[in-house]
Amino acid sequence: MTEIFDMTWDFIVLFLNENVPLIVGSVKAVVIAVGVMSVVPALVWLERRLMGRFQVRLGPNRVGPFGFGQPMADTVKLLFKESIIQASADKFLFHLAPAVVVVTAIVGFAVIPFGEPFEVFGQSIELWGANVNSGILFVFAISGMGIYGMVLAGLSSNNKYSLMGGLRSSAQMISYELTLGLSALSIIVLTGSLSLIDMVQAQEAYPFILVQPLAFLLFFIAGIAETNRAPFDLPEAEQELVAGFHTEYTGMKFAMFFMGEYINMVTMSALVTILFLGGWNAYGLPVWPIVAFAGKVIFLLCVFIWLRSTFPRIRYDRLMTFGWKVLLPLCLLNLMITGTIKVIWFP
Amino acid sequence: MSVTEQGLLERDKDTMTLNMGPQHPSTHGVFRVILEMDGEVVKTAEPEIGYLHTGIEKTCENKRYVHVIPMTDRLDYLNPPGNNLAFCLSTEKLLDIEIPERAQALRVIMCELSRIASHLVWLGTHALDIGAMTVFLYCWREREMILDLNEEISGVRMMTSYIRVGGVAKDATRPWLDGIRDFIDYFPAKVDEYEKLLTRNPIWLDRTEGIGAFTREEAINWSLSGPALRASGVNWDIRKSQPYSGYDNYSFDIPTQSNGDIYDRYRVRVEEMRQSRIIIKQAMEKLPIGDYKTPDNKVSLPPRETLHTSMEALIHHFKLVSEGISVPKGETYVPIEGARGEVGFYIVSDGTNVPYRVKLRAPSFLAIPGMCKIMEGCYIADVVGIIGSIDIVMGEVDR
């Protein structure tokens, strides 16, 4: 009996020793996925409280201290809601769409580095899900996938408002992904790498916003459009399209679209932080790298919320015009200048 | 799969029929418009009304004159004193009675306060339709003050029924007058605040300038009135052209614009809020001392304390309470300038205490055909902007 036990124990130890990266990776994956998902309620709370302040009202303040329990209460409510699927909907796609949105949003966060590696029990733990050498392309690719969720939701709902919302989101995505990619390209030119980790390490001396202010602005604007946030929240334009692509969704499926949107917001803020604000570099401030990173991300999230409460919604055709005729030429110009300077002075 | 009138299947059409309303967040009540869409562009717009039909006009034929006044509150529910006043003026013209000056000034204050409140609701909801949600809550903050004032004077926040045949329901109280003084000092800075958020905001300009424009002729031909008409360059305000309730004693401007688009309607209404404040200020300064209702006891109740001493007062009191006002035979129409345009009641009296026929001229109702015409060729996002800028109230459309 003892022998069997010892053998099993030996086997476990052996297995653990040989598969440390696998175990660490799995734990990290779970931690990141759960962490990202639990950021959503906090962000919903932050948004509602901040919007309340902007709009001379209080925001949720009844459930728990400072209303912090409100998002939990809402989640519980949404979980217990009846899931209504109208008879004319395409059932498979209708179920698939919210899953696509949430899964892509979480997967996109996998390559985001949010702190310097540190040592635990002789093991170097890296604070990112995966070190992909073309990290930025991975994020763009995944967020491009996410739009399928919205388009499918719009199509499968068999509702004209939803259809228009879905169409708008795909058009918006195509227009603004270009700007997003091209403005990030100037950073790639500066660092010569597609890896997000290399980009952060390249900004140890100064953040790239100082040398690329235009690219930062363009990237941030396109980022807002990419995440479907106000003033570019056309796909869900509440006042025109009722709720756009998620009009017909109820309960947790509806909440999943929200989760997707908020996770995308966090990813986009993290991406802006990494590309332009120096990632986890604290620039002399006595804080942990991860705190510096989180601080920058939270600041950008507040800017997202601030913009939402300030601006009216832009119109669909103007959004396209703005994307193609203003942002894109500016991007190309910025890229040209960056490239020229790089080639001439820093070959 | 539905079959259209031409016998085509819906899927063979090039356009898409989009049913907007009656349950839609931005049609300002239960207004329904059937849009024929080509992508995001509206080809034709067909209004469909009647979802809020309450039969108020017909009900009025069975109610005594005094009892009609609370019904008028519910027509244009954002501007109840205006409706009260329009009905009272028509009735008083048939009765041929003079209204004391204090009552007239109180009526003007009440109407202008409610015009501001109505424009605040309009600005808030209109900005919300275009996506600027913060303005909405700022406007609500100021409207709340006006509603508190309404509560102070009439006991009711919205459906005040304050203006009665022969005068007003109650004399001004001290807290009410103080509250109005505070409000007129406080309000201009707030209007500047709304303008700061919107007037030169590029997205707001983008969404409003040149959209939903009525030329001067079109505006007249579509029978628009009020701010929508004045935005198209027609300087026509009943407070100036046919003064009532002593509006000729106040000096104020009629703001006009020339393009007639959403932006101009916005500018006109914002300026009107400022002008209304100026009128209230003047009325407060020279608020005359005197009766708050006509001393004619055939129309208004005699003072309570005289009932114990005067037989005549007791008889008048009994007759008025049990029978109501008897209005001489005849028909009349007195228009006033409501928050949305010309409001007036056409009243036919057969000499009894109940009107024979009451017909409302509702500016929102008359604006709907022109509004739907102007939607054609616009984007769907502009449809909500146009509905918001015309400022329809379904209560007076489907009465």
Side-chain angles (χ1 to χ4, degrees), chain A residues 47-48 50-59 88 154 158-172 221 224-225 228-244 247 305-322 325-326, chain B residues 1 10 15-21 23-28 34-35 37 39-42 124-142 144 190 193 196-198 201-209 211 262 266 378-388:
Chain A
E47 170 156 41
R48 292 183 62 184
L50 258 188
M51 293 270 287
R53 297 287 152 179
F54 285 131
Q55 299 174 339
V56 293
R57 57 194 175 86
L58 290 170
S88 53
N158 201 6
N159 173 324
K160 287 165 184 172
Y161 288 107
S162 302
L163 179 67
M164 286 174 85
L167 289 177
R168 278 179 175 192
S169 63
S170 53
Q172 187 171 330
I221 292 173
I224 299 165
N228 293 324
R229 292 283 302 178
F232 304 110
D233 56 343
L234 297 164
E236 51 194 284
E238 188 189 331
Q239 281 80 22
E240 316 147 29
L241 299 186
V242 191
T247 306
I305 296 163
W306 177 29
L307 288 174
R308 183 181 169 203
S309 59
T310 307
F311 283 118
R313 184 179 304 109
I314 203 162
R315 202 175 68 190
Y316 176 68
D317 63 316
R318 301 298 176 124
L319 179 86
M320 294 291 125
T321 320
F322 185 62
K325 291 190 181 166
V326 180
Chain B
M1 211 172 294
E10 178 121 61
T15 55
M16 175 172 84
T17 311
L18 188 69
N19 177 43
M20 199 169 176
Q23 280 93 24
H24 187 280
S26 309
T27 52
H28 290 241
I34 300 157
L35 302 167
M37 306 286 298
E40 290 254 338
V41 182
V42 177
T125 52
H126 181 43
L128 190 64
D129 285 350
I130 293 183
M133 54 193 306
T134 302
V135 181
F136 175 73
L137 287 136
Y138 285 2
C139 289
W140 241 244
R141 176 183 59 192
E142 273 73 68
E144 194 63 23
K190 297 297 157 186
E193 194 177 312
K196 221 177 272 174
L197 274 167
L198 297 175
N201 182 328
I203 301 179
W204 179 260
L205 287 170
D206 209 41
R207 290 293 307 271
T208 55
E209 261 186 334
I211 293 157
I262 299 179
Y266 157 76
C378 284
Y379 285 84
I380 185 163
D382 295 334
V383 168
V384 294
I386 290 169
I387 294 175

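Numbers restart at 1 for each chain; the letters A, B, ... are given by sequence-line order, proteins then strands.
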Residues that A:R229 engages under salt bridge (Lys or Arg N to Asp or Glu O under 4.0 Å), provided they are two or more places apart:
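A:R229 satisfies salt bridge (Lys or Arg N to Asp or Glu O under 4.0 Å) with A:E47, A:E261 only.
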
For chain A, the option from B:D382, B:V383, B:N19, B:V135 that forms the most heavy-atom pairs under 4.5 Å
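It is B:D382.
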
Just give me the residue among B:N201, B:L198, B:I380 that pairs up with chain A most often, heavy atom to heavy atom, under 4.5 Å.
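It is B:N201.
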
Counting only heavy atoms closer than 4.5 Å, note whether A:F311 contacts chain B via side chain, backbone, both or neither.
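Interface part for A:F311: both.
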
Please find the pair of heavy atoms, one from B:Y138 and one from A:F54, that lie closest to each other, and give the distance.
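Heavy atoms of B:Y138 and A:F54 come nearest at OH-O, 3.0 Å.
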
For B:R207 and A:R313, which heavy atoms make the closest approach, and how far apart are they?
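In terms of heavy atoms, the two residues are closest at NH1-O, 2.7 Å.
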
From B:I203 atom CD1 to A:F322 atom CZ, the distance as rounded to the nearest 0.5 Å
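B:I203 atom CD1 to A:F322 atom CZ measures 8.0 Å (nearest 0.5 Å).
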
Could you state the interatomic distance from CG (A:D317) to CG (B:D206), rounded to the nearest 0.5 Å?
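Taking CG in A:D317 and CG in B:D206, the distance rounds to 8.0 Å.
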
Residue of the set A:R315, A:K160, A:R168 for which salt bridge (Lys or Arg N to Asp or Glu O under 4.0 Å) holds with B:E40
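That would be A:R168; it is the only one of A:R315, A:K160, A:R168 passing the salt bridge (Lys or Arg N to Asp or Glu O under 4.0 Å) with B:E40.
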
Identify which part of B:I211 has an atom lying under 4.5 Å from any heavy atom of chain A, answering side chain, backbone, both or neither.
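For B:I211, side-chain heavy atoms alone lie under 4.5 Å from chain A.
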
A:Q55: which residues meet the side-chain hydrogen bond (donor to acceptor under 3.5 Å, both in side chains) condition with it, sequence neighbours left out?
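Checked A:Q55 against side-chain hydrogen bond (donor to acceptor under 3.5 Å, both in side chains); matches are A:R57, B:T134.
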
Side chains of B:Y379 and A:R318 in contact at under 4.5 Å (non-hydrogen atoms):
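The answer is no, as the side chains (C-beta and beyond) never meet within the 4.5 Å cut-off.
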
